Structure formats: C-alpha cells, structure tokens
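As structure tokens, the structure follows; a few thoughts come after it.
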Amino acid sequence: MSLFTIHARALTSLYADVEGVALTLHSPLLGTPGSVVERTNASGFRFYSHQFYNGDGKKTERYIAGPVGAPEADAAAEAVRQQLVEVKDLVPSLRLLGREGFNLVDAKTYATLASLAKHGVFTAGATLIGSHAYGIILNRLGVRGVPYATEDIDIARNEALAFAERPSQGFLEMLKSSGIDFVEVPGLDPRTPATSFKQKGRGRFHVDLLVPSRTDDFPVVEVPELAAHATGLPYLDYLLAESQMAMLAAREGCCPVRVPLAERFCVHKLLVSALRTGRDAKSQKDVFQAAVLAAALAELEPGALASAKEALPKRAEKLWRRGMDAVAKHIEFLHPRAWEELQGAAHS
C-alpha cells in the first residue's frame, strides 16, 4: 500500500504540455468555450456576442463588439473565435487527464478562479492555498492521491499585490464577474468587516481572503488594493514566501494561478493541523495531506523537506513537533523513507 501512485510518464508529459499553454492564457474564459454569435437589438444594431455556459451552469452571453462588418468589431470577434479554438483543442486532453486521476476542479471553482486570474490577481502576487492548491501540487508532482472534496476557495496575499494599475473593481466585484452571485458573509460581530464571500442562497460554496498574522491571533486586516478585508492566519507568511505559477484544470478549460511550493505546503499543513482546536475533521485532513506530500517528496525530491524546515521560524518548533507526532501514524511504517527525512529535518 502507498499514500500515492506515480502517473505514467506519457501523462505527466501531456500535463506539462497543457500547462505550458495554460500559463500563457492572460484572459481565460469563465465557463465553457461556447461560440461567437451575431445578435440584433431592438434598434437594428447588429453586434457580436460570446455565448457559453457559466460557472453556475446558466447559458449566458457577453457582448464582444459591433457593428457587424466594422473592421474593429470583426477583428475583435475573430480574436475571440481563435481563443475558443485554442481552448477547445485543450479540452480533450484535460478530460483525459481527469479520467486518469489528475485533479480537475468543478465548474464553479473554475469560473471563480478564472475570473480572479482574468483580473490579474495571481500575477500580482496572490496565492491559491487550501485543498485546491493541494490538488494542483499533486498534479505538478505527477502523483495521484486520495481525491479531496471541498467547497472552500482560499486566496492569500502576503504583501500588497503588485498590480500595474489599481483595479477598478474590488474583490467582491471580481468574484461576481464569474457569473456567480457572491455576497459578503457577515461575521459574528456585525461591526467587523467581512472576510469571506459565498454564493447567494443556501449553498456552502464560498471564498475566504487571508493574510499573514504576525502573532498567533486571527485579526481582520484591510486589503486596500482589493477594496476588501482579510483574516490573519499565523505562519501564513512562511507558506507564501515561495510560490510558483501553475495550471488550474477543469473539464471546461484551464487558467494560470499561483500556488505555494510543495515542501512549504507540506510543512505548513503540519503547523496548521496543530493550531486547529476543536476542529478534528479539518485537522486530520491537514495531517493526511501533509503525509501524502511528505511521502511523494521524499521519493521524488529528496532534501526538499529539510530545506523547507530550515526556513521555519523558531517560534513554530512546538507546533512542528505536534504535527510530527500526528503524521507519524500515516508514514512511519508505510513510507519509512519519508519518515526518516522528516526526522532528519526535525534535527536540522
């Protein structure tokens, strides 16, 4: 038995090829590729529109340009057609990867994160963390782990995001441009600004905005460049110190996002699992994800965990030891090489 299996080399090569294209998509689609159609309004004005199904599963249209026949409008419509062809060419490969065990997100998650990517949030420095980042990290390592299920999207930023120009829309408006009707989630104290956003209605689909906390508290912090507020999370600065651009994959398409390095994600999961009190289910999920990554990294990238541990602040040592105690049952006998590397990192 093993906590992970390694994908066939042909599949990892295919994934790398598709990711290479995804990282060049500066204006990703927010749903299915769809098609370019011509429309006429009540006054007889003919224009081009992009028709597709959005993240909420609703058929929708977005205005492209007009009038039909004008050189600029025709060029704009042709550019969209070319973009649709490019994405449609990728979709069969994405679906194949999904069938073979690579992690694909659902339509809502894809539309939401593609919208943030379209607004330049990830290129400006924001990072996707949580279980969706874990799925992407497994994909990039070329391994298959136990499937995860979550309706949470966690977006984090360390320093102020480096936008070339300050966005005209705030974080909530960026989320809404996905086609999903997001609303703020009020806190227990009505005087405290919202740091979480959910789909309107009874659904549990939501997005949390996070920033580092310099202490072990969870303060609410203003994020002025996004016209929003975020919850402070201890040791998040450690996780966000090193990141990389990667591909978020779905059956509808793909887009570029930023995720942490695998080894820092693993170490941070051990810390967070020890921080959670009274939330056993989430703590166990954190420990298990750390175990899978530790097992894979020990085999595929030996030495990475030790390097990540060396960068851990001294004040985290107690949490690290508690996390080690929790993860031992998953890997000590099943993946002895990973356990040895974690023990070696503990003494580094």
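Side-chain atoms are counted along with the backbone in the values below, which use heavy atoms only and exclude waters and symmetry mates. All of these numbers come straight from a predicted model, not from anything done at the bench.
Distance check: Leu233 CG to Ile129 CD1 gives 6.5 Å after rounding to the nearest 0.5 Å. The distance from atom CD of Gln289 to atom NE2 of His268, rounded to the nearest 0.5 Å, is 12.5 Å. To the nearest 0.5 Å, atom CD of residue Gln169 and atom NE2 of residue His119 are 4.0 Å apart. Expressed to the nearest 0.5 Å, how far CD of Glu86 lies from CG of Leu29 amounts to 9.0 Å. In this structure, Ile153 CD1 and Lys198 NZ are separated by 13.5 Å, a value rounded to the nearest 0.5 Å. For the atom pair CG of Leu334 and CG of Leu3, the computed distance is 5.0 Å after rounding to the nearest 0.5 Å.
A donor-acceptor pair under 3.5 Å is absent between the side-chain atoms of Asp217 and the main chain of Pro219, judged by distance alone. A side-chain donor-acceptor contact under 3.5 Å links Glu341 to the backbone of Gly303. No donor-acceptor pair closer than 3.5 Å links the side chain of Asp208 to the backbone N or O of Asp154. At least one donor-acceptor pair closer than 3.5 Å links the side chain of Arg337 to the backbone N or O of Ala298. Judged by distance alone, with hydrogens and angles left aside, the side-chain atoms of Ser283 form a donor-acceptor pair with the main-chain N or O of Ser273 at under 3.5 Å. Remark: the backbone N or O of Gly120 is paired with a side-chain donor or acceptor of Thr123 at under 3.5 angstrom.
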> Phe171 and Leu175: side chain to side chain contact (heavy atoms under 4.5 Å, CB included), yes or no, with the steps?
Replying inline: CA-CA 6 Å; Phe171 192 66; Leu175 294 176; 3.7 Å; yes
>> Does Glu19 form a salt bridge (Lys or Arg N to Asp or Glu O under 4.0 Å) with Arg140? I'd like the steps, not just the answer.
In response: CA-CA 9 Å; Glu19 184 178 60; Arg140 299 195 94 239; 2.9 Å; yes
>> Checking Arg214 against Asp237 for the side chain to side chain contact (heavy atoms under 4.5 Å, CB included) test, could you report, in this order, the C-alpha distance in whole Å, the side-chain angles of both residues, the deciding distance, and whether it holds?
In response: CA-CA 8 Å; Arg214 307 306 173 185; Asp237 52 343; 3.1 Å; yes
>> What verdict does the salt bridge (Lys or Arg N to Asp or Glu O under 4.0 Å) test give for Glu173 and Lys176, after you've listed the backbone C-alpha separation in whole Å, the side-chain angles of each residue and the deciding distance to 0.1 Å?
In response: CA-CA 5 Å; Glu173 287 71 30; Lys176 285 185 174 182; 5.9 Å; no
> How far apart are the C-alpha atoms of Phe122 and Ile155, what are their side-chain angles, what is the distance that settles it, and do they pass the side chain to side chain contact (heavy atoms under 4.5 Å, CB included) test?
Replying inline: CA-CA 9 Å; Phe122 298 112; Ile155 305 295; 4.0 Å; yes
>> Before you tell me yes or no, could you show the steps for Leu293 and Lys269 under side chain to side chain contact (heavy atoms under 4.5 Å, CB included), namely the whole-Å CA-CA distance, both residues' side-chain angles and the distance that decides it to 0.1 Å?
In response: CA-CA 10 Å; Leu293 289 176; Lys269 279 292 181 182; 5.7 Å; no
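Taking hydrophobic clusters as Ile, Leu, Val, Met, Phe, Trp and Tyr residues chained together by side-chain heavy-atom distances below 4.5 Å, Leu141 shares a cluster with Met245. Under the 4.5 Å side-chain heavy-atom criterion for grouping Ile, Leu, Val, Met, Phe, Trp and Tyr, Phe197 is not connected to Val220 through any hydrophobic cluster. Residues Val37 and Ile64 do not share a hydrophobic cluster, clusters being chains of Ile/Leu/Val/Met/Phe/Trp/Tyr side chains in contact below 4.5 Å. A continuous path of hydrophobic side-chain contacts links Met324 to Leu239 [ILVMFWY only; heavy atoms under 4.5 Å]. By the rule that hydrophobic residues join a cluster once side-chain heavy atoms approach within less than 4.5 Å of another member, Val21 and Leu30 end up as members of separate clusters.
No more than 12 heavy atoms of other residues, nucleotides or ligands sit less than 6.0 Å from atom CZ of Arg251. For NZ of Lys88, the number of neighbouring non-hydrogen atoms (other residues, nucleotides, ligands) closer than 6.0 Å is greater than 12. Residue-environment remark: OH (Tyr148) exceeds the threshold of 12 foreign heavy atoms within 6.0 Å. By the 6.0 Å contact criterion, CZ on Phe333 is open, its count of non-hydrogen atoms from other residues, nucleotides or ligands being 12 or less.
Defined by atom type and a distance below 3.5 Å, a donor-acceptor pair is present between the side-chain atoms of Thr195 and Thr231. Asp56 and Gln199 form a side-chain donor-acceptor contact under 3.5 Å, judged by distance and modelled atom types alone. Remark: the Lys285 side chain and the Thr150 side chain contain no N/O donor-acceptor pair separated by less than 3.5 Å.
With contacts defined as side-chain heavy-atom distances shorter than 4.5 Å, the pair Ile136/Met247 does not qualify. Between Arg39 and Tyr63, the closest side-chain pair of non-hydrogen atoms is not below 4.5 Å. Put simply, the side chain of Pro67 reaches to within 4.5 Å of the side chain of Phe45, judged on heavy atoms.
Note on ring orientation: taking the six-membered ring where Trp is involved, the planes of Phe182 and Phe205 are tilted (angle from 30° to 60°). Between Tyr15 and Phe102, the ring planes are parallel. Angles under 30° get that label, and only those over 60° would be called perpendicular.
When each of Ile137, Leu297, Leu138, Val146 is paired with Val292, the side-chain contact (heavy atoms from CB on, under 4.5 Å) condition holds for Leu138 and for no other. A side-chain contact (heavy atoms from CB on, under 4.5 Å) with Leu248 holds for exactly one of Cys255, Pro256, Pro28, Cys254; it is Cys255.
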